[in-house]
Amino acid sequence: MKKVLVGMSGGVDSSVAALILKQQGYEVSGCTLKLFDSINTLSNIEDAKNVCCKLEIEHHVFDFADSFKKYVTDSFAQSYINGETPNPCVECNRHIKFGEMLKRAEELGYDYIATGHYAKIEKGEKTGRYQLIRSADRKKDQTYVLYNLTQYQLARTLFPLWNTDKPANRLLAEENGLINSRKPDSQDICFVPDGDYAGFIERYTGRSFEPGNFVDTDGNVIGTHQGIIKYTVGQRKGLGTAFGKPVFVCSKDCENNTVTLGDSASLMSCELFAEDINFISVEKLTEPVRCTAKARYNMTEQPCTVTQIGDDRIKVVFDTPQRAITKGQAVVLYDGDIVIGGGKIL
């Protein structure tokens, strides 16, 4: 009997993942990761422990707070300070859930790890490579934040929710007496539950960020901003100044402490460059490839041409202009439902 360690956040998805794997005949244990100190962390641990008790499986708590600080929160803060808009879930998956947790599972003799992500893993018959494939429920599909997974990690990971949907999972949890069957989904970044990223960074770093100039696309000063980390590309609301017409954040210049504002058309662009790339369905791109791409989590993938222009860099040219392509976000490439790979937007 294969042994699997399920990462259990205390939410319904990971709980149902453990339930399904047990029903499928795996020897299942659960683990909850302590990543930072908060009341929610303790509550989530208790919820996961309660579910494991109900399922009659073992439950572990692993303290990965030091690694989470190094790879996620430190990186998140520095990325904002550098004028980027990061996606910490990508880094958490890469280094913590499928890095530290997998390593710990192997040390304890488990064959696999599993999570409640909505995605599918399948080994390609022709290539022999593990493929990451979008889930049956497109609304819940999470392949965008999983594009950094390696062949080694994919070979040792199970995603039992790939062909399910959230309402069915809630019903299954309720039918099996799991206390979190109606627990609300988390909406914000876990370590910034109030959504105030700028406030978090100021508290976390102990730094204050000085006001500077709003400038138009020609470089003319048109107002004063309240600290460069308080703005993201594409933002319209909360600028703190009335300009008499709709304006949007088009870019940020950390060196000169300026934020460029422009009209909606100024946000549109057809190309991007990305580095820190990871390919899944192929080892590398030997020629330009036609595919689709997402430049942020909640966008619909768009037709494009992708060219690898170095060992760790790609160029993506969209067929039509895209809105608010943002430094620090991920671009993820798709061949139909199959994830080709992705990288961090420059």
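Any value given below was found using the heavy atoms of this structure, including those in side chains, with hydrogens, waters and symmetry copies removed.
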Undergrad: Roughly how far, to the nearest 0.5 Å, is the CG atom of Leu149 from the OG1 atom of Thr157?
TA: 6.5 Å
Undergrad: Check for a donor-acceptor pair, side chain of Thr41 on one end and backbone N or O of Asp37 on the other, with a separation under 3.5 Å.
TA: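 No; judged by distance alone, with no hydrogens or angles, the pair does not exist.
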Undergrad: What are the two closest heavy atoms between Cys190 and Phe68, and how far apart are they?
TA: SG-CZ, 4.2 Å
Undergrad: Please tell me whether Ile309 and Val317 are part of a single hydrophobic cluster in this structure, the criterion being side-chain heavy atoms less than 4.5 Å apart.
TA: no
Undergrad: Could you label the plane-to-plane angle of the His95 and Tyr71 rings as parallel, tilted or perpendicular, counting under 30° as parallel and over 60° as perpendicular?
TA: parallel
Undergrad: Compute the centroid of each ring, for Phe191 and then for Tyr204, and state whether the two points are separated by less than 6.0 Å.
TA: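 No, they do not, as the ring centres are separated by 6.0 Å or more.
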Undergrad: Could you walk me through whether Lys344 and Asp312 pass salt bridge (charged side-chain N to carboxylate O under 4.0 Å, His left out), step by step?
TA: CA-CA 10 Å; Lys344 177 183 173 182; Asp312 194 34; over 6 Å; no
Undergrad: For a quick test of reading the model, state the closest non-hydrogen atom pair linking Val249 to Leu267 and the distance between them.
TA: O-CD2, 3.2 Å
Undergrad: Taking only residues two or more places apart in sequence, or in another chain, which ones meet Lys315 in a salt bridge (Lys or Arg N to Asp or Glu O under 4.0 Å)?
TA: Glu271
Undergrad: Could you list the residues that satisfy side chain to side chain contact (heavy atoms under 4.5 Å, CB included) with Arg104, not counting sequence neighbours?
TA: Phe62, Phe64, Glu107, Leu108
Undergrad: To the nearest 0.5 Å, how far apart are SG in Cys254 and CD1 in Ile81?
TA: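 Between Cys254 SG and Ile81 CD1, I get 9.0 Å after rounding to 0.5 Å.
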Undergrad: Got a donor-acceptor contact below 3.5 angstrom from the Glu301 side chain to the Met299 backbone?
TA: no
Undergrad: When rounded to the nearest 0.5 angstrom, what is the spacing between OH in Tyr118 and OG1 in Thr164?
TA: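 With rounding to 0.5 Å, OH (Tyr118) is 4.5 Å from OG1 (Thr164).
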Undergrad: With a 4.5 Å cut-off on side-chain heavy atoms, are Cys291 and Tyr334 touching?
TA: no
Undergrad: Would one find more than 12 heavy atoms of other residues, nucleotides or ligands at under 6.0 Å from atom NZ of Lys54?
TA: no
Undergrad: Measure from the side-chain N and O atoms of Asn213 to the backbone N and O of Val215, and report whether any donor-acceptor pair falls under 3.5 Å.
TA: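 No, Asn213 side chain to Val215 backbone: no donor-acceptor pair under 3.5 Å.
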Undergrad: Quick one, Thr73 and Phe200 - any side-chain contact, counting heavy atoms below 4.5 Å?
TA: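 Yes. Closest side-chain heavy atoms under 4.5 Å.
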Undergrad: For Tyr110, does the six-membered ring have the charged nitrogen or CZ of Lys3 within the cation-pi criterion, i.e. under 6.0 angstrom from the centroid and within 45° of the normal?
TA: yes
Undergrad: Roughly how far, to the nearest 0.5 Å, is OG of Ser208 from CD of Glu202?
TA: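 It comes to 7.0 Å.
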Undergrad: Using the six-membered ring wherever Trp is involved, compare the ring planes of Phe159 and Phe98 and label them parallel, tilted or perpendicular (cut-offs 30° and 60°).
TA: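 Correct class here is perpendicular.
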Undergrad: Between the main-chain N or O of Ser75 and the side-chain N or O of Ser79, is there a donor-acceptor pair closer than 3.5 Å?
TA: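 Absent.
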Undergrad: Any sub-3.5 Å donor-acceptor pair from Asn220's side-chain atoms to Asp216's backbone N or O?
TA: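 Looks like no, no N/O pair under 3.5 Å.
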Undergrad: Find out if a path of hydrophobic residues (ILVMFWY) with successive side-chain heavy-atom gaps under 4.5 Å connects Ile133 to Tyr147.
TA: no
Undergrad: Using 4.0 Å as the upper bound for N to carboxylate O, is an ion pair formed by Asp13 and Lys166?
TA: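 Here Lys166 pairs with Asp13 in a salt bridge, since their nearest N and O are under 4.0 Å apart.
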Undergrad: Taking all non-hydrogen atoms of both residues, which atom of Pro88 and which atom of Ile189 are closest, and how far apart?
TA: CG-CD1, 3.6 Å
Undergrad: Do the side chains of Lys120 and Asp141 get close enough for a salt bridge, i.e. N-O under 4.0 angstrom?
TA: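 Answer for the salt bridge query: no.
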Undergrad: Taking the side chain as C-beta and beyond, is there a heavy-atom pair between Gln329 and Thr85 under 4.5 Å?
TA: yes
Undergrad: Is it true that, when you exclude Lys34 itself, more than 12 heavy atoms of the residues, nucleotides or ligands shown sit nearer than 6.0 Å to its NZ?
TA: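 No, the 6.0 Å shell around NZ holds no more than 12 heavy atoms from other groups.
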Undergrad: Are any non-hydrogen side-chain atoms of Thr143 and Val332 less than 4.5 angstrom apart?
TA: no
Undergrad: Decide yes or no on side-chain contact (heavy atoms from CB on, under 4.5 Å) for Gln142 and Tyr297, but give the supporting numbers first.
TA: CA-CA 9 Å; Gln142 292 172 293; Tyr297 184 82; 3.6 Å; yes
Undergrad: Does a salt bridge link Lys327 with Glu84, judged by any charged N lying under 4.0 Å from a carboxylate O?
TA: no
Undergrad: Under the criterion salt bridge (charged side-chain N to carboxylate O under 4.0 Å, His left out), I'd like the reasoning laid out for Glu100 against Lys70: C-alpha separation, chi angles, the key distance, then a yes or no.
TA: CA-CA 12 Å; Glu100 298 287 349; Lys70 176 181 178 182; over 6 Å; no
Undergrad: Answer yes or no: does atom CG of Asp66 have more than 12 heavy-atom neighbours from other residues, nucleotides or ligands under 6.0 Å?
TA: no
Undergrad: Between atom CG of Asn176 and atom OG of Ser15, what is the distance when rounded to the nearest 0.5 Å?
TA: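 If I round to the nearest 0.5 Å, the distance is 11.0 Å.
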Undergrad: Closer than 3.5 angstrom, by distance alone: can the side chain of Thr232 be matched with the main-chain N or O of Gln235 as a donor-acceptor pair?
TA: no
Undergrad: May I ask you to decide if Tyr144's main-chain N or O and Lys294's side chain share a donor-acceptor pair within less than 3.5 Å?
TA: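 Side chain of Lys294 to backbone of Tyr144: no pair is present.
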Undergrad: Establish, yes or no, whether a centroid distance under 6.0 Å links the rings of Tyr231 and Phe214.
TA: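 Between Phe214 and Tyr231, which both carry aromatic rings, the centre distance is below 6.0 Å.
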Undergrad: Return the minimal non-hydrogen interatomic distance between Ile96 and Leu33, and the atom names on each side.
TA: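 Residues Ile96 and Leu33, closest heavy atoms: CG2-CD1, 4.0 Å.
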Undergrad: Which is it for Glu287 and Thr307 under the side-chain contact (heavy atoms from CB on, under 4.5 Å) test, yes or no, and what are the steps along the way?
TA: CA-CA 7 Å; Glu287 59 184 5; Thr307 307; over 6 Å; no
Undergrad: Test side-chain hydrogen bond (donor to acceptor under 3.5 Å, both in side chains) on Gln78 and Asp74 and set out the steps.
TA: CA-CA 6 Å; Gln78 191 58 53; Asp74 283 357; over 6 Å; no
Undergrad: Of the non-hydrogen atoms in Ala119 and Leu146, which two are nearest, and what is the gap between them?
TA: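 In terms of heavy atoms, the two residues are closest at CB-CD1, 3.8 Å.
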Undergrad: Hey, any chance Ile325 and Ile277 share a hydrophobic cluster, counting ILVMFWY side chains that come within less than 4.5 Å of each other, even indirectly?
TA: yes
Undergrad: Given side-chain contact (heavy atoms from CB on, under 4.5 Å), test Ile280 with Tyr130 step by step and report yes or no.
TA: CA-CA 7 Å; Ile280 295 177; Tyr130 285 91; 5.9 Å; no
Undergrad: If you round to the nearest 0.5 Å, how far is SG of Cys250 from CE of Met268?
TA: 11.5 Å
Undergrad: Is the CD atom of Glu283 crowded by more than 12 outside heavy atoms at less than 6.0 Å?
TA: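 For Glu283, atom CD is not crowded (no more than 12 foreign heavy atoms under 6.0 Å).
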Undergrad: Please check if the side chain of Lys49 supplies one atom and the backbone of His59 the other of a donor-acceptor pair under 3.5 Å.
TA: no
Undergrad: Kindly determine whether Leu346 and Leu272 satisfy side-chain contact (heavy atoms from CB on, under 4.5 Å), including the steps that lead there.
TA: CA-CA 7 Å; Leu346 294 169; Leu272 64 81; over 6 Å; no
Undergrad: Quick check: is Tyr112 connected to Leu19 through a chain of hydrophobic side chains (ILVMFWY, heavy atoms under 4.5 Å apart)?
TA: yes
Undergrad: Indicate yes or no for a side-chain donor-acceptor contact from Asn50 to the backbone of Glu46 under 3.5 Å, with no hydrogens or angles considered.
TA: no
Undergrad: Check for a donor-acceptor pair, side chain of Asn148 on one end and backbone N or O of Asn278 on the other, with a separation under 3.5 Å.
TA: no
Undergrad: Take atom CG of Asp194 as the centre, draw a 6.0 Å sphere, and report whether it contains more than 12 heavy atoms from other residues, nucleotides or ligands.
TA: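 Enclosed: over 12 neighbouring heavy atoms sit under 6.0 Å from CG of Asp194.
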Undergrad: Does Lys22 reach the side chain of Val6, with side-chain heavy atoms less than 4.5 Å apart?
TA: no
Undergrad: Hey, does the Lys NZ or Arg CZ of Arg323 hover above the aromatic six-ring of Phe248, less than 6.0 Å from the centre and inside 45° of the axis?
TA: yes
Undergrad: Looking at Glu174 and Ser181, what are the two nearest heavy atoms and their distance?
TA: N-CB, 3.5 Å
Undergrad: So if you build clusters from Ile, Leu, Val, Met, Phe, Trp, Tyr with side-chain heavy-atom gaps below 4.5 Å, do Ile338 and Val282 land together?
TA: no
